[in-house]
Engineer: 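Dumping the structure here so I can ask a few things about it.
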Amino acid sequence: MTARDPNRLIIAVPKGRLLDELIPMLDQAGIKPEAAFRHGQSRKLCFATEDSGVELVQVRSFDVATLVAFGAAQIGIAGLDVIAEHEYPEIFSPVDLKIGKCRLSLARLESTTIPVEHLAGRGEVHIATKYPNTTRRYFHARGIQLRCVKLHGALELAPLLGLCDLIVDLVSTGATLRANKLIEVQVIAHSSARLIVNRNAARAQPDLINGWIERFCNLAQIGEHYIRA
Ligand code: PRP
């Protein structure tokens with residue numbers, strides 16, 4: 001393994017729809033990545049920026065938190081949903097970027113009539129989710145026994161195929177639930193994108209890391225305005 005340049009900053013960012021909101025925010029923060037990153041279709045994973053000391057790596061949303069927790073990236077952008085699911089003690093999330101707003105919700109098929117408010121008396125409930133830890137925490141705290149079936153995507157198929165009674169998934173516009181004849185029955189948590197920071201990196205390079213925290217903090221405070229502009 002080669003020694004890392006202490007002045008080089010690696011920022012992990014998620015693939016997917018958050019990019020539409022994230023790219024203008026990175027731009028405002030002075031992070032101007034090479035064209036391939038903006039196009040969003042590239043198979044590249046590492047992207048140079050106009051600042052030779054800053055590089056972006058683009059991975060799945062759950063892996064952003066893992067890369068930052070293990071110090072492979074010093075900072076990252078991750079949803080609160082992902083941060084809460086992992087609960088890595090090695091990271092902290094100092095700034096709510098107020099983008100990527102969505103909710104983690106329990107949903108059921110339109111055609112079923114599961115009395116969600118009475119789940120506690122129903123024996124073991126099967127729930128498909130990408131968020132087994134958060135789901136278990138939420139339902140166990142309410143005395144509901146459940147078996148989580150971990151899936152990595154296309155959760156909406158699971159109740160249709162009889163794999164489970166319910167799903168717990170992110171809802172943004174609600175279009176995916178509607179398209180698959182599912183109904184949102186309970187919001188479990190609200191989420192938005194956060195700046196996440198590796199604690200050791202913050203201790204080792206306080207000036208560098210604090211400078212970036214401050215930059216994103218200032219942007220988040222004006223976020224509502226520039227997103228509309
Ligand atoms: C998320 C989530 C839903 C969808 C909800 O998936 O898992 O499938 O978005 O959004 P909507 O309410 O606006 O329809 P995402 O698009 O992030 O892809 P993924 O399933 O690959 O994670």
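Every number for a ligand or one of its atoms is a count from 1 in the order of the listing.
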Engineer: Could you list the atoms of ligand 1 found under 4.0 angstrom from a heavy atom of Thr176?
Structural biologist: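 Contacts of ligand 1 toward Thr176, numbered from 1: 4 (C), 5 (C), 8 (O), 10 (O), 11 (P), 14 (O).
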Engineer: Quick one: look at Asp169 and ligand 1, take heavy-atom pairs under 4.0 Å, and tell me if it's side chain, backbone, both or neither.
Structural biologist: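 Answer for Asp169: side chain.
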Engineer: Looking only at heavy atoms of Lys130, does any of them come nearer than 4.0 Å to an atom of ligand 1?
Structural biologist: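 Heavy atoms of Lys130 do come under 4.0 Å of ligand 1.
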Engineer: How far is atom 5 (C) of ligand 1 from the closest protein heavy atom, and which atom is that?
Structural biologist: Leu170 O, 3.4 Å
Engineer: Show the atoms of ligand 1 that are less than 4.0 angstrom away from any heavy atom in Val171.
Structural biologist: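 Counting atoms of ligand 1 from 1, those under 4.0 Å from Val171 are 12 (O).
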Engineer: Quick test of your reading of the structure: of Arg60, Glu156, Arg17, whose heavy atom lies closest to atom 16 (O) of ligand 1?
Structural biologist: Arg17
Engineer: In terms of ring plane angle, is the pair Phe216 and Trp212 parallel, tilted or perpendicular, where the classes change at 30° and 60°?
Structural biologist: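 The arrangement is tilted - the two ring planes meet at 30° to 60°.
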Engineer: State whether the side chain of Arg194 and the backbone N or O of Gly79 hold a donor-acceptor pair below 3.5 Å, judged by distance alone.
Structural biologist: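 No: the side chain of Arg194 does not pair with the backbone of Gly79.
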Engineer: Would you confirm whether Ser192, through its side chain, and Gly100, through its main-chain N or O, come within 3.5 Å as a donor-acceptor pair?
Structural biologist: no
Engineer: Does Asp27 form a salt bridge (charged side-chain N to carboxylate O under 4.0 Å, His left out) with Lys32? I'd like the steps, not just the answer.
Structural biologist: CA-CA 6 Å; Asp27 202 66; Lys32 304 197 188 291; 3.4 Å; yes
Engineer: Atom 13 (O) of ligand 1: which of Thr173, Leu151, Ile167 has the nearest heavy atom?
Structural biologist: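 Ranked by closest heavy atom to atom 13 (O) of ligand 1, first place is Thr173.
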Engineer: With a cut-off of 6.0 Å (strictly less than), are more than 12 heavy atoms of other residues, nucleotides or ligands near NZ of Lys181?
Structural biologist: no
Engineer: With heavy-atom distances below 4.0 Å as the criterion, list the atoms of ligand 1 near Ala175.
Structural biologist: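 Reading through ligand 1 atom by atom, the close ones are 12 (O), 14 (O).
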Engineer: Centroid-to-centroid, Tyr131 to Phe62, below 6.0 Å?
Structural biologist: yes
Engineer: Just checking, Arg142 and Tyr138: is the charged tip under 6.0 Å from the six-membered ring centre and within 45° of the axis?
Structural biologist: yes
Engineer: Against heavy atoms of Gly174, which atoms of ligand 1 measure under 4.0 Å?
Structural biologist: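 This gives 11 (P), 12 (O), 13 (O) as the contact atoms.
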